[in-house]
Every structure is written in structure tokens, then in C-alpha cells.
Amino acid sequence: MPCRAELSPATTLAATAATLAAVGVSAAARVAMAAVADDHTRSVFAPASPSATAIYELFLLVLAIAVAIFVVFAGALLYSIIRFRARGDTPPDEEPPQIYGSRAIELAWTVGPLLIVLALFLIVVRNLVQTGEAETAGDELGVRVVAHQWWWDFQYPEYGFSAPNELHIPTTDTEHSGRARLRLDSADVVHSFWVPRLAGKTDVIPGHENTMVLETAEPGVYHGQCAEYCGMQHAGMLIRVVAEPRADFAAWVKAQQPPAVDDPAVAKGRERFQANACVNCHTVRGTPADGTFGPDLTHLMSRRTIGAGVAENNEANLLKWVTDPQTVKPGCHMPSMHLPPEDVQAIVSYLLTLK
Ligand code: CUA
């Protein structure tokens with residue numbers, strides 16, 4: 001038995017060291033891999049913003065302290081197991097000397113942890129204050145985020161449009177801050193907005209506005225997800241944050257601002273779209289469609305995915321979606337309209353022109 005007890009803390013220690021090494025390696029590799037393509041890493045070990053870096057460093061510090069404590073205690077345990085093990089030379093019924101009370105030891109294990117907790121508390125407060133200062137410094141861009149079951153509406157009041165599921169922000173460069181202040185609200189239940197590489201989680205609560213700041217100097221497409229269970233498609237509400245240089249961001253704004261194109265070639269599809277219940281839930285700016293229950297479709301084809309990340313945005317998937325959304329995203333709040341196939345095709349042809 002002593003043999004087994006000796007092994008176990010050492011094995012755990014080795015495993016912890018291996019995990020730490022792996023974490024270090026993967027973080028470095030991920031930072032190196034960050035490119036302009038969609039970055040699927042949803043890892044707090046590859047921070048790409050000041051606040052995510054602060055959280056990451058705080059995590060490493062807490063981890064280091066916890067590992068140090070583990071080493072001290074496991075070491076003392078290991079030492080005691082070996083040093084005071086039964087050697088077979090003491091009579092079985094003879095007790096070792098019983099010692100009660102030691103002021104020095106009592107003090108050590110009271111004051112030690114107290115100091116550690118105090119130090120951690122002060123560091124956390126410093127991080128909170130720093131994040132708070134960052135949030136009140138001159139913001140560049142205001143975005144209203146409204147969470148829905150199960151998609152995200154990103155509204156740009158300054159520019160007068162809504163861009164569902166894809167949040168575009170300018171990157172911070174040598175001349176400008178690309179800081180975006182998000183004001184988060186929910187249309188239904190509690191959600192949580194989380195883009196691990198850019199910031200911590202923020203709850204999105206109906207009727208209660210929370211704010212957070214996103215900022216990064218690295219252009220890229222950062223993925224995030226809802227981090228509070230909100231129903232059947234909780235996992236089906238992808239956040240794509242497109243961080244792009246100032247000029248690209250301005251070009252994107254310019255492309256999103258105009259009303260929808262009016263292509264006479266798809267007049268039948270537009271008529272079918274407007275004659276059905278589509279218009280009660282969706283907005284297509286420049287047309288009578290002004291519903292707000294579902295995502296704005298004015299520039300639908302500028303987006304990479306449909307159904308908040310459940311499928312690529314292409315003709316085949318749009319056909320499936322318009323025929324019966326429940327086959328693409330079970331549980332979503334858009335019902336099958338039971339349209340004849342030729343109407344579905346006409347509507348999709350129309351949607352495909354909404355660039
Ligand atoms: Cu929204 Cu979980």
C-alpha cells in the first residue's frame with residue numbers, strides 16, 4: 001500500500017506538468033496560426049485583446065500559485081509517507097508520541113493562505129479597475145447587441161443598419177483605437193456573449209443593459225458563442241467577429257448602408273416573399289418588409305452563414321431553409337411555410353440578389 005500512496009501524488013504532478021507544457025505549446029501555436037480566415041479557436045489561451053490578455057495572465061498567476069501549493073503539500077505528504085512508513089521494527093501496539101498544539105504551525109497555516117487570498121484579491125481588483133478604465137476611455141464605435149433565441153442582432157445606430165450574427169469592428173492601429181462598446185440586451189431569455197480570444201463573458205439579460213468593450217490589434221475572424229444555456233439551439237448561435245483594418249471596415253459599412261437592391265429579374269420571388277408571412281418577421285430595407293422578430297435580410301448574401309452559423313450561406317442551404325427551417329435548425333422559431341417548390345425557388349432566387 002505505501003508504494004501505491006507514494007506513486008499517486010508523483011504521477012499527478014507529472015500529469016499536471018505535462019498539461020502545463022501542452023497548454024504553453026498550443027497557445028504559442030495558436031497565436032502563430034491566427035490568420036485572416038475564420039479562426040475557430042475558442043480558447044482563452046490565445047488572447048488577442050488587452051482585456052483577454054489580462055484575464056489570461058491572471059489565470060496563469062492563479063495556476064502558478066495553485067501548482068506551488070500543490071508541490072509543497074504533495075512534497076510534505078510524500079516525505080511523511082517515506083520517512084515515517086512502518087519499518088517492521090516497532091511493536092504493532094506501540095503508539096508514536098502524541099503532540100497537541102503548535103502556535104507556530106497554527107499561525108503559519110492561517111496567515112499563509114490569508115496572504116495568498118489577499119494578494120489574489122488585490123490583483124483581481126486591479127484587473128477590474130483596468131478593464132473599467134478601458135471601458136470609459138473614448139469609444140470609437142457603439143454597437144447595440146440584441147440576443148434572440150437563437151441568433152444575434154448587431155445594430156449600428158451610428159450608421160443606421162443591423163448586421164445579424166456577424167459583428168464587424170475596426171482593428172486598433174498606430175493612429176486610431178478600434179475599440180467597440182457593446183450595449184447588450186436580450187429579446188427573450190438570458191444569454192451570454194462570449195468571444196474567448198477577445199474578452200470575458202458578459203450576461204445578456206432581458207430588460208437590463210450590460211456593456212462590454214471589444215478591442216483588438218490583430219485583424220481576423222474571431223469565433224464566439226452563447227455561454228448561458230438558453231434553450232434547444234443554445235449551441236446554434238455562433239458569433240463571428242470580423243476585426244478588419246479601418247479602410248476595410250469603412251468599405252463594409254458603406255456596403256451595408258444602402259437599401260436592398262431591386263433586381264427586376266427576380267420580381268416574382270420578391271412578390272412571393274412579400275405576399276407571405278416572411279415580411280412579418282424579416283426586414284428588407286427599401287421594401288414593405290419590416291419585421292424585427294427574425295434577422296434583417298437586406299444584405300443577407302454578405303454573410304458567411306445562415307441560421308447563426310448552422311449552415312454555409314449558399315443556394316442549396318437556402319432552398320432547404322426556406323422549404324423547412326426545422327430540417328436545418330431544429331427548434332428554431334421559423335416554421336415551414338409549406339410553400340410550393342416553385343415559390344421556394346423564386347424566393348431563394350430573390351434572396352440570392354440581396355448582396
Ligand atoms: Cu443563447 Cu445560450
Side-chain angles (χ1 to χ4, degrees), residues 38-49 51-52 55 59 135 142-157 161-169 180-214 216 221-243 280-283 291-297 300 303-313 317 320-321 324-336:
D38 266 36
D39 170 17
H40 297 269
T41 20
R42 296 177 207 184
S43 169
V44 291
F45 296 116
S49 79
S51 73
I55 293 170
F59 171 77
E135 290 197 0
V143 184
R144 182 158 186 266
V145 178
V146 183
H148 294 253
Q149 280 177 323
W150 288 277
W151 58 283
W152 301 92
D153 197 7
F154 300 122
Q155 301 166 2
Y156 294 73
F161 63 79
S162 147
N165 300 320
E166 290 191 8
L167 176 62
H168 286 244
I169 58 171
R181 173 192 287 273
L182 312 186
R183 296 186 293 121
L184 305 116
D185 199 354
S186 168
D188 36 53
V189 300
V190 178
H191 303 262
S192 180
F193 185 92
W194 190 33
V195 184
R197 295 197 60 200
L198 297 183
K201 295 171 188 172
T202 305
D203 275 359
V204 186
I205 301 162
H208 173 90
E209 190 179 278
N210 276 337
T211 63
M212 69 185 295
V213 165
L214 286 190
T216 181
V221 182
Y222 300 92
H223 278 198
Q225 62 196 39
C226 183
E228 178 83 39
Y229 183 69
C230 55
M232 190 164 171
Q233 284 293 344
H234 159 63
M237 45 193 300
L238 175 73
I239 303 163
R240 288 180 81 238
V241 178
V242 182
N280 297 337
C281 292
H282 295 285
T283 291
T292 54
F293 193 66
D296 186 308
L297 301 179
L300 170 68
R303 305 199 285 265
R304 178 77 168 271
T305 70
I306 55 170
V310 296
E312 284 282 323
N313 185 7
N317 287 333
K320 271 192 232 163
W321 183 276
D324 185 1
Q326 301 300 321
T327 59
V328 187
K329 190 172 185 177
C332 77
H333 291 322
M334 177 170 162
S336 164

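All residue numbers in this chain count up from 1 along the given sequence. Remember, it's 1-based here, ligands and their atoms both numbered in the order they're listed.
For a distance bound of 2.8 Å, the N, O or S atoms of M237 include one lying that close to atom 1 (Cu) of ligand 1. Distance check for H234 against atom 1 (Cu) of ligand 1: none of its N/O/S atoms falls below 2.8 Å.
Side-chain atoms of N210 come within 3.5 Å of backbone atoms of D203 as a donor-acceptor pair (strictly under, hydrogens ignored). Not one N or O on the side chain of T305 forms a donor-acceptor pair closer than 3.5 Å with the backbone of A308.
Seen from atom 2 (Cu) of ligand 1, atom O of E228 and atom SG of C226 lie 90° apart in angle, a value rounded to 10°.
The N, O or S atom of H191 lying closest to atom 1 (Cu) of ligand 1 is ND1.
Side-chain contact between V242 and I169: absent, with no pair of heavy atoms (C-beta onward) separated by less than 4.5 Å.
Under the 30°/60° scheme for interplanar angles, the aromatic rings of F193 and W152 are found to stand perpendicular.
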